[in-house]
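Below you'll find the structure, written out as structure tokens, and then a few comments.
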Amino acid sequence: MRKNIVAGNWKMNCNLDESQHLINALKLEDFEQIKAEIIIAPPFTNLYPAHQSLQDSKIKLSAQNLNENENGAFTGEISPEMLKSVGAEYVILGHSERRAIYNETDELLAKKVTTALKHDFKIMFCIGEELDKRQAGKHFEVVENQLKNGLFHISESEMKNIVIAYEPVWAIGTGETASPEQAQEIHAHIRKVLAKKYNENVAEGTSILYGGSVKPNNAKEIFAKKDVDGGLIGGASLDAKSFKAIADSF
Ligand code: PGA
């Protein structure tokens, strides 16, 4: 059965001291009783110290991106093996900031997915529409195409390592959230698309997270929806108490 997950995407925030401070604050909170997997995604440079600090904790570690190549002349890039060697178990792929600011296409993301799976990563694969697409009623089509072009080359058994994060671009960092009904509607649609491509088992077994301005005051209502299995949290994951309060929604 699918898992509930609360994941913190720290983005490009926290130097090493700040990162360790936040991790220590998270370790003071009791996540053990929460019926959800808890993941944090600090910047690359903080992963190894984070991994060492989290040895005795239930909190799992994710990278925010990886390069689709194994190694070689790719100045400034980070390979899957490097990330594995510093303790990352998950990787976020296809975040809308990567798609929009760094021009990551579906085609590139499909390669990243293949490389990440080869290295036994679990992937949080992000999809979501921009405001004009939502206003034009094209959001179902957008997410369907993102899944088809970036993810659906993988096999049914590989889908076990995939978590989907639906993040409407208009809700990310804006304070604007999809209503619980809007989230439920599109999550149910994503599940239907998974059933059509694979089967009911994959559709029912895949965790689908909502992301976009999730805060302690709206998480419970959103997570209560039948097809919402948790959240990918940006801003509110940078504060241990807010992150815990969101996780407490389960
Ligand atoms: P936000 O970010 O919670 O700050 O809106 C979510 C995300 O980008 O993953």
Side-chain angles (χ1 to χ4, degrees), residues 4-14 18-19 22 26 36-44 46-47 50 59-66 88-104 109 112 116 121-131 133-134 139 142-143 146-147 150-151 162-180 182-183 186-187 190 207-223 225 228-250:
N4 293 326
I5 297 175
V6 178
N9 175 11
W10 292 12
K11 309 192 179 184
M12 197 175 76
N13 293 294
C14 296
E18 290 160 345
S19 174
L22 180 47
L26 287 168
E37 190 158 295
I38 309 294
I39 306 167
I40 57 169
F44 292 140
N46 304 342
L47 282 171
I59 301 173
K60 296 179 188 287
L61 211 50
S62 176
Q64 297 177 17
N65 184 26
L66 50 66
E89 187 178 331
Y90 277 87
V91 62
I92 299 173
L93 292 179
H95 191 279
S96 66
E97 287 150 17
R98 302 286 329 163
R99 290 177 188 264
I101 309 171
Y102 300 100
N103 302 317
E104 294 201 1
L109 290 169
K112 291 193 178 201
F121 276 95
K122 292 180 191 149
I123 300 172
M124 289 186 269
F125 188 77
C126 303
I127 54 176
E129 80 286 356
E130 284 169 354
L131 184 60
K133 295 288 186 311
R134 163 71 60 168
H139 43 297
V142 170
V143 298
Q146 288 170 331
L147 289 171
L151 189 68
I162 305 294
V163 171
I164 291 170
Y166 167 68
E167 301 200 298
V169 179
W170 47 271
I172 295 178
T174 58
E176 184 107 10
T177 329
S179 69
Q182 284 174 319
I186 196 144
H187 281 224
I190 293 164
S207 300
I208 307 178
L209 314 184
Y210 169 79
S213 298
V214 176
K215 307 286 176 212
N217 64 0
N218 59 22
K220 202 171 179 125
E221 235 192 320
I222 300 172
F223 296 175
K225 291 292 176 192
V228 179
D229 305 308
L232 182 55
I233 321 297
S237 71
L238 296 172
D239 178 84
K241 295 236 176 279
S242 314
F243 189 58
K244 169 69 166 38
I246 290 170
D248 273 336
S249 303
F250 283 114

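Just so you know, ligand 1 is whichever comes first in the structure, and atom 1 is the first atom listed for that ligand. Note that the coordinates shown come from a computational prediction; the quantities given were computed from them, not determined experimentally.
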Which atoms from ligand 1 have a heavy atom of [X] less than 4.0 Å away?
X	value
H95	7 (C), 8 (O), 9 (O)
A171	5 (O)
N9	9 (O)

I want to check something: taking the side chain as every heavy atom from C-beta on, are [X] and [Y] in contact at a cut-off of under 4.5 Å?
X	Y	result
I40	F243	yes
W170	E129	yes
M124	N9	no

Does at least one non-hydrogen atom of [X] fall below 4.0 angstrom from an atom of ligand 1?
X	result
S237	no
G211	no
S213	yes
K215	no

Exercise for the section: With sequence neighbours left out, write down each residue that passes side chain to side chain donor-acceptor pair (under 3.5 Å) with T177, or none if nothing qualifies. Expected result: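 Expected list: N218.
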Practice task
Using a 4.0 Å heavy-atom cut-off, say whether I172 meets ligand 1 through its side chain, its backbone, both or neither.
Solution key: both
Handout entry: S96, portion touching ligand 1 at heavy-atom distance under 4.0 Å
Key =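 Answer for S96: neither.
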Problem - Enclosure of E89 CD (heavy-atom neighbours >12, cutoff 6.0 Å) - result: yes
Exercise for the section: Indicate the ring-plane relationship of H187 and Y166, choosing parallel, tilted or perpendicular according to the 30° and 60° boundaries. Expected result: perpendicular
Exercise for the section: Looking only at protein heavy atoms, identify the closest one to atom 4 (O) of ligand 1 and say how far it is in Å. Expected result: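 I find the closest protein heavy atom is G235 N, 2.9 Å.
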Fill in the blank from the handout: Sorted by chain and residue number, the salt bridge (charged side-chain N to carboxylate O under 4.0 Å, His left out) partners of K133 (sequence neighbours excluded) come out as none
